[in-house]
2 protein chains.
Amino acid sequence: MSRTKARAALLQELEAAMRRSSAQGVLYGQTVANVAGIANSDLECMDILYLEGRVTAGRLAEVTGLTTGAITGVIDRLEKAGLVRRERDEKDRRKVFISVVPETAMKIGQLYVPMQQAMEKVFGAYSDEELRLLLRFANEGYKGVLAATEALKGLLDTPPEKRPALKLKKLRP
Amino acid sequence: MSRTKARAALLQELEAAMRRSSAQGVLYGQTVANVAGIANSDLECMDILYLEGRVTAGRLAEVTGLTTGAITGVIDRLEKAGLVRRERDEKDRRKVFISVVPETAMKIGQLYVPMQQAMEKVFGAYSDEELRLLLRFANEGYKGVLAATEALKGLLDTPPEKRPALKLKKLRP
DNA sequence: ATATATATCTTAGTCACTAAGAGATTTAGC
DNA sequence: GCTAAATCTCTTAGTGACTAAGATATATAT
């Protein structure tokens, strides 16, 4: 087998493996939501809140791609579950800040423990240098996928004759 | 900074980077579904059909975790869009095989081109040996996440006093 | 002071989903 | 063979999260 052919096979295998593991990652998240008894988007918002801290309802809509109406529903449910609190901004009383209730949200966090342990075990088998390679790849991969997403959205704005004949749907602006 | 502390920081950064790129991957998929004008689960089923070839409706339910009733809806929509065909098994007339219509499904495939190009570009910067490391990691990561998912589901079956106090919901059996 | 902009919420309607069970066919037990 | 149980898909009724559009409240600009 030629050198380049070996590489092509490697690339293909790599793509399949990444796809598989990525799909399983999504499934883990769905299982967390299921076990916690909350909707998928609700969990996504908890995630954002965890990463960004205190954010406004509008920001959640922006990041998740949901409408503000949908976000109202998300927050209602999370608030009822005691996972977050609404806090009106005293400076600008139109705004509503959402913040997690740490004591309750912690319980959700615990559902990620199996995942963290699994990852610790996997990472444990790699040297620092190897981990740096993985980190570089993860960062570059992120940028690549981000660019690809933009490119794909861009298809919608290209003249219709120039794109694959498909029933195309407008994305939310 | 101590050696182990450097590693801990590296691990944390790595986790964040993987999470970010994984999330963006999910977003790419959603965008594909959006642009194609089909539901997310519909696209997931197209994916499975692409990977496994001709499969039964029941198999789709199994793999996606949806009920058979939901799968009936998925197939109805995909069939109406001309993306798949229903074919009754002549050996066992209860079964319905679903197969993609290549000419139409190709158009969906094209929506993955931006992603493939982006990945080619990223992978291009790595040697064969580095790619093999990435492959090893992807495979081990998959196994790890799979195990974590099972462990998490397992929490549901452990005696209630022994698990985090959470409103737990039964998963579909 | 009035108009315009911004941030969240409300309402009505839609769509994919589940649970339960019906219909059609196959397999097993006698 | 014949009946009973099992298997596979589909149907039905009801639920819940979503969007679109506009209402409400507050802030900013002219």
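The shown structure was predicted, so the numbers you read here are calculated from the model rather than taken from an experiment. Convention: sequence-line order gives letters A, B, ...; per-chain numbering from 1.
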Nearest-Å distance for atom pair CZ/C1', residues B/Arg77 and C/dC15 = 8 Å
A/Cys45 side chain near A/Ile71 side chain, heavy-atom distance below 4.5 Å | yes
Summary of protein contacts for nucleotides 21-30 of chain D, nucleotide by nucleotide, where a base hit scores B, a sugar-phosphate-only hit scores S (4.0 Å, heavy atoms) = ----BBS---
Could you state the CD1-C1' distance from A/Ile71 to D/dT19, rounded to the nearest angstrom?
-> 13 Å
From the list D/dT9, C/dA19, D/dA20, which nucleotide is the closest neighbour of the side chain of B/Ala57?
-> D/dT9
The nucleotide from C/dC17, D/dC18, D/dT9 with an atom nearest the side chain of B/Thr56 is D/dT9
What is the distance, rounded to the nearest whole Å, between atom CD1 of A/Ile75 and atom C1' of D/dA17?
-> 14 Å
Which listed nucleotide (D/dA17, C/dC17, D/dC10) is nearest to the side chain of B/Val74?
-> C/dC17
What's the closest nucleotide to the A/Ala70 side chain, out of D/dT9, D/dC18, C/dT8?
-> D/dC18
Thinking salt bridges, do B/Glu62 and B/Arg59 make one under a 4.0 Å N-O criterion?
-> yes
How about B/Val84 and B/Met46: do any of their side-chain heavy atoms sit closer than 4.5 Å?
-> yes
Per A/Thr67 side chain, nearest of listed nucleotides C/dC9, D/dT9, D/dT19 | D/dT19
Which of the following nucleotides, C/dC17, C/dA16, D/dC18, is nearest to the side chain of B/Ala39?
-> C/dA16
What is the minimum heavy-atom distance between B/Tyr126 and A/Arg7, and which atoms define it?
-> O-NH2, 2.8 Å
By nearest-heavy-atom nucleotide on DNA chain D, the more 5' of B/Gly73 and A/Asp42 is B/Gly73
Residues two or more places apart in sequence or in another chain: which of them pass ring-ring contact (aromatic ring centres under 6.0 Å, His included) with B/Phe123?
-> A/Phe137
Between D/dA17 atom P and B/Asn40 atom CG, what is the distance in whole Å?
-> 17 Å
Testing C/dT10, D/dT9, C/dT18 for proximity to the side chain of B/Leu66, the answer is C/dT18
Distance, rounded to the nearest Å, where A/Leu60 contributes CG and C/dA7 contributes C1' = 13 Å
Round to a whole Å and report the spacing from CD of A/Glu62 to C1' of C/dT6.
-> 13 Å
Just by distance, do the side chain of B/Arg88 and the backbone of B/Arg94 share a donor-acceptor pair under 3.5 Å?
-> yes
Among the nucleotides C/dT8, C/dT18, D/dC8, which one has an atom lying closest to any side-chain atom of B/Lys95?
-> D/dC8
Rounded to whole angstroms, how far apart are CG on B/Asp76 and P on C/dC15?
-> 14 Å
Name the nucleic acid region contacted by B/Arg59, choosing base, sugar-phosphate or nothing; use a 4.0 angstrom heavy-atom cut-off, strictly under.
-> nothing
With a 4.5 Å limit on heavy-atom distance, are the side chains of B/Glu87 and B/Arg54 in contact?
-> yes
Rounded to the Å, how far apart are A/Asn34 CG and C/dC17 P?
-> 14 Å
Return each pair, listed once, that meets salt bridge (Lys or Arg N to Asp or Glu O under 4.0 Å) where at least one residue sits in residues 26-39 of chain A; pairs must be two or more places apart or across chains.
-> none
